[in-house]
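Structure record follows, encoded as structure tokens.
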Amino acid sequence: MASVKVKPQRRLSLDNPPNMSRETPLRMLVFGGSSQDQISLTRSVLGQDVFTRDEVNISATKKNSGVVQERNITLVNAPNLQDNDLPDSILHKELRKAVCFSCPCPHAVVFVVDPFHLTSDTMDILKPMVHYFGECVLKHTLIVLYYERGMRTPSIEDEVKKNKSFRELAEKCSQNYLFFNGEVNWTEGSQTQALLTKVDKMVREHGMFSNMEFKDAEKRIQIEERFIKKSKEKEIRETLKALENQHSGEALASEILRYEEKIQSECREKAELVVADKLGFTVRLVDYAVAVGKGAFVGALLGFAVGYEGMAVGAAVGAGLGAALGGAANAAWSYIYKSFTDAH
């Protein structure tokens, strides 16, 4: 009986990133000064059909992929925080989706802005992202100054570099910025090439951006993929049998490969959505435990029943008793962590 064989993916080292080549796919997590900035950049890189003409506001996380200059490129657009006043619960849900959609981790975070509309509020747009991911995300953030006006780049650069808000932002992002002329890109693609080259350089220097949440999400996604694929076994067997009846030789091998890739993509995308809905409190508890210590974590859990103030008090008490609890705290931690990571 024929079966779909999925090639194992080589684990990428975040500390020692691989040599980036034309064959290396790129994942970028995109934020922006406005929805239009994000839409314009995404269209310019991946093509006009990525967004419809009616789409003018990015209020939910959206993932788009395509082959650009012989490379698989994925852009994950997070909701635009300037155009949408999202409640914290919705914002965190969308950011969890952004994490899952860009797993195992993004090669870079892109912050796209209009160089003609840089204000003192520009940095404020990034604050929720920095608060969610931590200050370390700025080292992996590339500022893309996107414009479509027919002006010479040197004149734009001179004006932008005089802007205090931009200088402060660029300083926080390790001077990682790029001017992107949309009009020029439509005719020759040079701007996209410059973008990819810049991201490759950032990866070589700093690695890809990751944290515990990305690592936890990727593990969960892989587990969910296996469940989904298991549920499709009958469908897969029947499809492969039909292909064997219709094709032979190289044509059969080609059709099977195409089908394998389709199934792999579908299972992955569905798994990302499922995990995005589940991810959140579990990861935050694990992060909290690592940050404050196991004794404090156990205390915080005990205090959770009476609210966030109870968590704080419980954490303090737990930290003080951590040494005395010793093996009991470790045992409680092991049980809690196993319960969370085994949950499905």
Side-chain angles (χ1 to χ4, degrees), residues 20-80 82-84 94 97-98 100-103 105-116 141-151 153 156 177-203 208 254 257-259 261-270 272-273:
M20 305 295 284
S21 68
R22 294 182 67 87
E23 291 75 32
T24 305
L26 282 182
R27 292 176 300 278
M28 289 175 269
L29 180 53
V30 184
F31 293 83
S34 70
S35 293
Q36 191 56 52
D37 293 336
Q38 293 177 242
I39 290 172
S40 296
L41 178 67
T42 305
R43 279 178 172 162
S44 189
V45 173
L46 295 180
Q48 282 280 24
D49 58 346
V50 170
F51 288 92
T52 67
R53 291 184 178 277
D54 295 331
E55 291 183 280
V56 295
N57 181 26
I58 302 178
S59 58
T61 303
K62 184 171 183 179
K63 176 180 179 178
N64 299 100
S65 301
V67 178
V68 179
Q69 300 183 7
E70 300 180 15
R71 294 180 71 171
N72 291 312
I73 306 298
T74 294
L75 298 183
V76 178
N77 276 282
N80 186 268
Q82 182 80 349
D83 298 341
N84 300 281
E94 291 303 320
K97 284 170 62 178
C100 292
F101 289 175
S102 55
C103 272
C105 55
H107 292 80
V109 175
V110 171
F111 182 48
V112 53
V113 294
D114 183 342
F116 299 101
T141 298
L142 172 62
I143 307 165
V144 174
L145 299 112
Y146 182 94
Y147 65 100
E148 293 185 344
R149 304 184 188 184
M151 297 179 64
T153 300
I156 298 176
Y177 62 87
L178 177 76
F179 288 85
F180 193 110
N181 188 324
E183 288 185 0
V184 170
N185 200 57
W186 286 120
T187 58
E188 57 186 59
S190 60
Q191 308 295 286
T192 294
Q193 180 58 54
L195 172 64
L196 303 185
T197 300
K198 182 65 175 179
V199 172
D200 288 345
K201 181 175 182 290
M202 290 172 60
V203 172
M208 294 177 280
S254 177
L257 179 60
R258 186 178 294 111
Y259 179 66
E261 292 174 347
K262 176 176 176 289
I263 289 295
Q264 180 72 24
S265 176
E266 289 177 353
C267 291
R268 175 74 187 194
E269 289 179 5
K270 187 173 181 180
E272 289 173 352
L273 286 170

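The figures here come from the full heavy-atom set of this structure, side chains too, leaving out hydrogens, waters and symmetry mates. Everything numeric here is computed off the predicted structure, so don't read it as measured data.
Side-chain atoms of Q38 come within 3.5 Å of backbone N or O of A78 as a donor-acceptor pair. Remark: side-chain polar atoms of N80 are not paired, donor with acceptor, to backbone N or O of I58 under 3.5 angstrom. Without hydrogens or angle criteria, D83 side chain to N57 main chain gives no donor-acceptor distance under 3.5 Å.
Taking 4.5 Å as the limit, some side-chain heavy atom of Y147 sits within range of a side-chain heavy atom of N181. At least one side-chain heavy atom of Q193 sits under 4.5 Å from a side-chain heavy atom of T197. Counting heavy atoms from C-beta on, the side chains of F101 and L29 never come closer than 4.5 Å. Contact check for R71 versus D200: side-chain heavy atoms found under the 4.5 Å cut-off. The shortest side-chain heavy-atom distance between L26 and V68 does not fall under the 4.5 Å cut-off. Using a 4.5 Å heavy-atom cutoff, the side chains of E148 and W186 are in contact.
Here the CG atom belonging to D114 is positioned 10.5 Å from the OH atom belonging to Y146, to the nearest 0.5 angstrom. One finds the CD atom of E269 at 13.0 Å from the SG atom of C100 (value rounded to the nearest 0.5 Å). The structure places CD of Q69 at 9.5 Å from CG of L195, a figure rounded to the nearest 0.5 Å.
K270 is linked by a salt bridge (charged side-chain N to carboxylate O under 4.0 Å, His left out) to nothing, counting only residues two or more places apart in sequence or in another chain. Shown here are the side-chain hydrogen bond (donor to acceptor under 3.5 Å, both in side chains) partners of S190, two or more places apart in sequence or in another chain: E188. Under the side chain to side chain contact (heavy atoms under 4.5 Å, CB included) criterion, T74 pairs with R27, K63, S65, V76, sequence neighbours left out. For the side-chain hydrogen bond (donor to acceptor under 3.5 Å, both in side chains) test, no residue two or more places apart in sequence or in another chain qualifies with S102. Scored by the salt bridge (charged side-chain N to carboxylate O under 4.0 Å, His left out) test, E266 finds K262 as partners (sequence neighbours excluded).
The stretch residues 45-61 participates, sequence neighbours left out, in these salt bridge (Lys or Arg N to Asp or Glu O under 4.0 Å) pairs: E55-K62.
Closest approach of S59 to N84, counting heavy atoms only: CB-OD1, 3.5 Å. The shortest heavy-atom contact between I73 and M28 is CG2-CE, 3.9 Å. A pairwise comparison of heavy atoms in P115 and I156 identifies CB-CG2, 4.1 Å as the closest pair. Closest approach of V199 to A108, counting heavy atoms only: CG1-CB, 3.9 Å.
At a cut-off of 3.5 Å, with distance as the only test, a side-chain donor of T42 or N77 sits close to an acceptor on the other residue.
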### Query
What's the verdict on side chain to side chain contact (heavy atoms under 4.5 Å, CB included) for F31 and T141, showing C-alpha distance, side-chain angles and the deciding distance?
CA-CA 10 Å; F31 293 83; T141 298; over 6 Å; no

### Query
After noting the C-alpha distance and the side-chain angles of V45 and F180, does the key distance pass the side chain to side chain contact (heavy atoms under 4.5 Å, CB included) rule?
CA-CA 10 Å; V45 173; F180 193 110; 4.2 Å; yes

### Task
Begin from the C-alpha positions of S34 and D37 and carry the test side chain to side chain donor-acceptor pair (under 3.5 Å) through to its verdict.
CA-CA 5 Å; S34 70; D37 293 336; 3.1 Å; yes

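Contact check on E261 versus R258 returns no salt bridge, with no Lys/Arg side-chain nitrogen under 4.0 Å from an Asp/Glu carboxylate oxygen.
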